[in-house]
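Below is one structure, written out as structure tokens; comments come after it.
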Amino acid sequence: MAILVDKNSKVMVQGITGGAGKFHTERMLDYGTNIVGGVTPGKGGQAVCDRPVFDTVAECIEHTGADVSVVFLPAAAVKEAAIEAVRAGIKFLVVVPEHIPIHDMLRVREEAVKYKAAVIGGNTAGIITPGEANLGIMPDIAFAPGRVGTVSRSGSITYYVADTLSRTGYGESTCVGLGGDPVLGSTFNEILWMFEEDDKTKAVVLCGEIGGVYEEKATEIIPKMKTPVLAIIGGIFAPPGKRMGHAGAIVEGKMGTAKEKLDMLADSGAHPCKTFKDIPEILKKLGV
Amino acid sequence: MAILVDKNSKVMVQGITGGAGKFHTERMLDYGTNIVGGVTPGKGGQAVCDRPVFDTVAECIEHTGADVSVVFLPAAAVKEAAIEAVRAGIKFLVVVPEHIPIHDMLRVREEAVKYKAAVIGGNTAGIITPGEANLGIMPDIAFAPGRVGTVSRSGSITYYVADTLSRTGYGESTCVGLGGDPVLGSTFNEILWMFEEDDKTKAVVLCGEIGGVYEEKATEIIPKMKTPVLAIIGGIFAPPGKRMGHAGAIVEGKMGTAKEKLDMLADSGAHPCKTFKDIPEILKKLGV
Amino acid sequence: MRLYEFEGKQLFRKSNIPVPEGHLVSSPAEAYNTVASLKHAVALKAQVLTGGRGKAGGVKLADGPNEAKTHAEQLFKLKIKGFPVERVLIEPKLDIKQEFYVGVTIDRANYKLVLIASGEGGVDIEETAEKHPEKIVRKSFSVEDELFTFDAVDIAKKIGVPGALLRKAAGIIVNLYKMFKVYDAKLVEINPLVLTAGDELIAADSRVSLDDDAVFRHADLKEMGIEKRHEEGEMTEREKRATEWGIPYLDLDGDIGMFPGGAGFGIMGNDFIHYYGGKPANFMDSGGGPSPERIAKMLVLLDENPNVKTIFGARFGGISRCDDFAKGVIMFLKEHGLSKPMVMRMTGNMWREGVRLFEEAKKEDPSLMEKVEFHGIETPIEEISKRAVELARQQGVK
Amino acid sequence: MRLYEFEGKQLFRKSNIPVPEGHLVSSPAEAYNTVASLKHAVALKAQVLTGGRGKAGGVKLADGPNEAKTHAEQLFKLKIKGFPVERVLIEPKLDIKQEFYVGVTIDRANYKLVLIASGEGGVDIEETAEKHPEKIVRKSFSVEDELFTFDAVDIAKKIGVPGALLRKAAGIIVNLYKMFKVYDAKLVEINPLVLTAGDELIAADSRVSLDDDAVFRHADLKEMGIEKRHEEGEMTEREKRATEWGIPYLDLDGDIGMFPGGAGFGIMGNDFIHYYGGKPANFMDSGGGPSPERIAKMLVLLDENPNVKTIFGARFGGISRCDDFAKGVIMFLKEHGLSKPMVMRMTGNMWREGVRLFEEAKKEDPSLMEKVEFHGIETPIEEISKRAVELARQQGVK
């Protein structure tokens, strides 16, 4: 098993006829991802990489049985595309574009919760279940099938962790990019819990970063997990970010510095890592 | 028992410090209605007819236990006042003002359904449970306690029916004015069902009118009722109203003429009446 | 309140719904000049607040200014369902490939907004709806719901918009829905939405009805010259006068002047008169809580109407108070005088005070009430109705 | 993107939130003339994109034009947290009875909008929030939620607005909340919202931050002169140059030039350098899928920086492709040349193609890569980081 996607996932691509959509559809297919079709309104009836294109998500689902979608569209079009997908019944959505307006993502999150769908991104490198499916823009070279789950706010960190886990023989069950935007479709919490419930995942690496509040939120869930969690946070030596006005300070309090994030995670039971090579060392100690 | 209001109802008045609010608060109190307070934002701390005035409905409920509200406010203020009331926990709301924008009433209805509150009006004469409570602008002279329920779209028809029932000794359990506006907080259906479930009500008089669709809707519920329903419809000799565009014709079909309404009601099991004096005659035959 | 086609199209334009470039003219000469300045064939369309314009000959096509002038002369003489044509809209003649229908209205029974669309637009849409309901697409919304482009694409596809135009059609549908909400409409229709030979989508006609009770919150309507107005219907002189006085009034062809309290009994009272063999001369409504002045004016309308042989008065004081009613009647009797018999019944809120006022007035001038038969709650309204019919008959016999 | 006080107040005015009548001046002479034309005492307020203005002496009061001129001279010389003062806002001096705080922001952890209000406005609001949380009123909303007047009345009451002003205060709160939504804001604050001696409520200061990613859909901002801009921070010359080239870049005080791929490792790479005893000279991010031209420019920034002793390059090709990366590096080496040693690692999407390009370039010109230590996926990034620190040390020794 894997979380969110595997070789049986039926994947559609929203924006499949666009430049990035075409390019990455080809790449994802090369990896063996089970892409069944795509959507571009007004281009129904065409084909990309031999996969049929539909005018709406509902039609694509009807004809292909798609249950997962990857979005390659301009940021301004993401809100409607995501709402269309979850309303039509897509249960997992990968939002690759960056610079999505924050109010749009708040709305997308609301709809996703309402329709019980999972969304990752915006600005995510995607998700990969090595050897089975690669959704998004992640470079397959770094990944090998295995027993560690990874969840990260940064694409590049994801690759380095994968590289490390592959080289040391652990490999990955699934690697999830939450995305780099300020408001994200999913937080660490939801993904951590999926890993907790996944038999194949023997440990999880959480890759966080200065700013935002999602690492702090994760400390609510880590103590409830049996699966060990390793945490690495970028920005320990970065100057602290600015608070947004008094309101930001009142709402988010002291959250946001990398050091505090790592300390809080450690306090909640996670194993802190400084650099990537700490990861296999800790895994070894834990007997993973 | 009675439906919706009785002597134990704790009634608040929204807009109690306005001209109409004051005038009718006095009248309602004279009738013995248990008015416990009122609301006018910015006038909290004042009093009208010895009843305390609050800035918000929530405060009024907190201090007085109010569970029913009567609205005397300009039409433009009704939407927010109604939403405030139902969100604060008012379970029955009487909306007296007329000319409320239709889109506002659609919204009010939605909120009322969501919060499981009943709303009558806009443009209703109100509701009276004779001898117990009189909410709105109905003239008490016409009403006597008794065993017939009345539900009507028109204030003036309500009075004539009451007058007839009082004179013939039947009296009324409760008399409900749905209101004269094109979109109403409640339809005949909800009120008919309350009467059906009320022990004190032995028969119901439904007073309808040319135009609209609420009489036709009532034919869905009348066959399910054990309590006999008498129906009187105004506008049998009026020229037919104009349809609103093709869309109106497609949505509302053939609904709307008084003759068809009366025929449909009769077909569904209601007893049709021509003039008011038919009412006691039919009641007598039914052995009410 | 219904808008003229050209007003509806102003709203379409503001809402980013494509409409033909239009020119409004008020005379045949203006039509000539306008068409002379244009380089294309035109359609001349009579602007009236009613349907059935096409069948009544209210739309003409012209290739040049002379033809346009001739047509305009005919149009300005036309009456469509009684409406005189005061303005004509001149637009480029469209080369039509297909006609669609798109409309939004309110489903009162279910408290929803409904979007309706069809691939067979035009005047026969209602027939299509009845005979081929499968050709009509309907979608319901809560009043707070947004219409998303993907839903509009789905609708456009179902009514047969070609693939290349799906996005454009969806945009028009979304904008129409937004316009419905933004302007507090009761009805908006594009019929037909035309697909031209050049593959453009354009709103060839508009039908828009707004909620008069919500006009106050749309200041931009006034800027566009769209003001609060009554629903369609040509008014008689008496109806115009009533409207000026703010009294809902409609002339009928009978002889009993109806002077009711409340819209509900205003309508049902007419039935009663019919039941007892009479015919009302009018509908009337006092509106909620009328002033004595308005009450007096209502009576003036009836007393000065030569068709009225007798007046039937009924007042059940609710929000309207009997004392104000009595004051109004007395004001009328003193200032104007009653030229025909009146039978009336008065009860309800403040009835005692009302009766006292009548008695005082009678004491002052015993002749004041001599043509008035006055009743209170003790007489059923049926008796009053019967009596009015009787009185009218007696007057007829004279 | 943060707005200047006067820009925020423009939005307040458009949103029906009362603000003082303001005059923006760019010189002491202008300040003199402006105040001379006014008949009242004024406040002169430095316009800078940072907080702490009051404590830095950025606000002055003046009774007349001479005093205003003197103050303005000081203000235009002032730097507040490094920001030069280029404009001063002149407003009537307010006679303050009470100060409130009202703000709206986003609670990212819970995906909500949050309205915050307090009866103790002013610069110490955060302290109040910490020491007396009971003096802060908070209310959360879903992004689609409306804020109703009744809720705003409740909030206004809780923060101690006097009864007679409750409706007015509620109107301001509702309008602020609407403005937050209409303009895609991340933060809007009225601090303080002043109750004047004359019982007026007025927004004495504004703090507004909009979502740069949503500016595209607010055409009216451009009309007001508000364009997409970066967050606060005074830029060095090099940072300005980078910004012109569209490269996110920040100078730091170390000596290792950071040339990373991806924002994530851009940040974490700095930590790695620190862990191994080095100090980075900068932050940098290539942005998603950079062109060869941009890659080359990134290297120019580092190579021309005299503080940089060695360059640390790391590219893990994701959406950014290794072939484009290699092209950019080669372009830089050919056109500009490398004046200091560089250690780099390249792997990921299209890495084979990238390696091939480097090999071809080397074949063409064997000296081209001589200052570059090149690694692939086989070398862990930690080793590269260590090596960069080593190289920098060696350079320092020279």
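A, B, ... follow the sequence lines: proteins, then strands. Residue 1 opens every chain.
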Select one option (side chain, backbone, both, neither) describing which atoms of Ile377(D) are under 4.5 Å from chain A's heavy atoms. both
Less than 4.0 angstrom from a charged side-chain N to a carboxylate O is my criterion; do Glu382(D) and Lys277(A) meet it? no
Verify whether the ring centers belonging to Tyr159(A) and Phe265(D) lie closer than 6.0 Å. no
Portion of Arg345(D) that has a non-hydrogen atom of chain A nearer than 4.5 angstrom: side chain
Flag yes if more than 12 heavy atoms outside Lys178(D) fall under 6.0 Å of its NZ atom; otherwise flag no. no
Between Phe272(D) and Phe312(D), is the ring centroid distance below 6.0 Å? no
Check whether Glu239(D) reaches the backbone of Thr236(D) with its side chain - one donor and one acceptor, N or O, closer than 3.5 Å. yes
Let me know if Arg107(A) has heavy atoms under 4.5 Å from chain D in its side chain, its backbone, both or neither. both
Looking at Ser156(A), Ser154(A), Gly180(A), Ser166(A), which makes the most heavy-atom pairs under 4.5 Å with chain D? Ser156(A)
Under a 4.5 Å heavy-atom cut-off, does chain A meet the side chain of Tyr276(D), its backbone, both or neither? side chain
Contact class of Arg315(D) relative to chain A, heavy atoms under 4.5 angstrom: backbone
If you count heavy-atom pairs within less than 4.5 Å of chain D, which of Val183(A), Thr187(A), Ile102(A), Thr164(A) leads? Ile102(A)
Checking heavy atoms, do the side chain of Ala20(A), its backbone, both or neither come under 4.5 Å from chain D? neither
Arg153(A) versus chain D, heavy atoms under 4.5 Å apart: side chain, backbone, both or neither? neither
As an exercise: rank Val113(A), Leu184(A), Thr158(A), Asn123(A) by heavy-atom pairs under 4.5 Å with chain D and give me the winner. Leu184(A)
Does Thr219(A) reach the main-chain N or O of Leu265(A) with its side chain, forming a donor-acceptor pair under 3.5 Å? no
Could you walk me through whether Cys273(A) and Ile282(A) pass the side-chain contact (heavy atoms from CB on, under 4.5 Å) check? CA-CA 8 Å; Cys273(A) 308; Ile282(A) 293 170; 3.7 Å; yes
Sort out for me which of Ile267(D), Asn270(D), Thr347(D) touches chain A most, counting heavy-atom pairs under 4.5 Å. Ile267(D)
With chain A, the option among Arg321(D), Arg217(D), Arg138(D) that has the most non-hydrogen atom pairs under 4.5 Å is Arg217(D)
Before giving the answer on salt bridge (Lys or Arg N to Asp or Glu O under 4.0 Å), spell out for Glu281(A) and Lys284(A) the whole-Å C-alpha distance, their side-chain angles and the decisive distance to 0.1 Å. CA-CA 5 Å; Glu281(A) 285 167 17; Lys284(A) 203 176 164 190; over 6 Å; no
Which answer fits Asp211(D), side chain, backbone, both or neither, if we ask what part of it has an atom under 4.5 Å from a heavy atom of chain A? side chain
Atom group of Leu113(D) that falls short of 4.5 Å from chain A, counting heavy atoms: side chain
Are the side chain of Thr379(D) and the backbone of His375(D) linked by a donor-acceptor contact shorter than 3.5 Å? no
Pair count under 4.5 Å, heavy atoms only, with chain D: among Ile232(A), Leu106(A), Val96(A), Asp181(A), highest is Leu106(A)
Side chain, backbone, both or neither: which part of Ala185(D) has a heavy atom under 4.5 Å from chain A? backbone
Which region of Val114(D), side chain (C-beta onward) or backbone (N, CA, C, O), has a non-hydrogen atom less than 4.5 Å from a non-hydrogen atom of chain A, or is it both or neither? side chain
Is there any salt bridge (Lys or Arg N to Asp or Glu O under 4.0 Å) pair reaching into residues 265-275 of chain D, and which pairs are they, with sequence neighbours excluded? none
Could you list the donor-acceptor pairs under 3.5 angstrom formed between side-chain atoms of residues 134-141 of chain A and any protein atom two or more places apart in sequence or on another chain?
{"residue": "Asn134(A)", "atom": "ND2", "partner": "Met138(A)", "partner atom": "O", "Å": "3.2"}

Given that the side chain runs from C-beta out, which part of Tyr160(A) has a heavy atom under 4.5 Å from chain D: side chain, backbone, both or neither? both
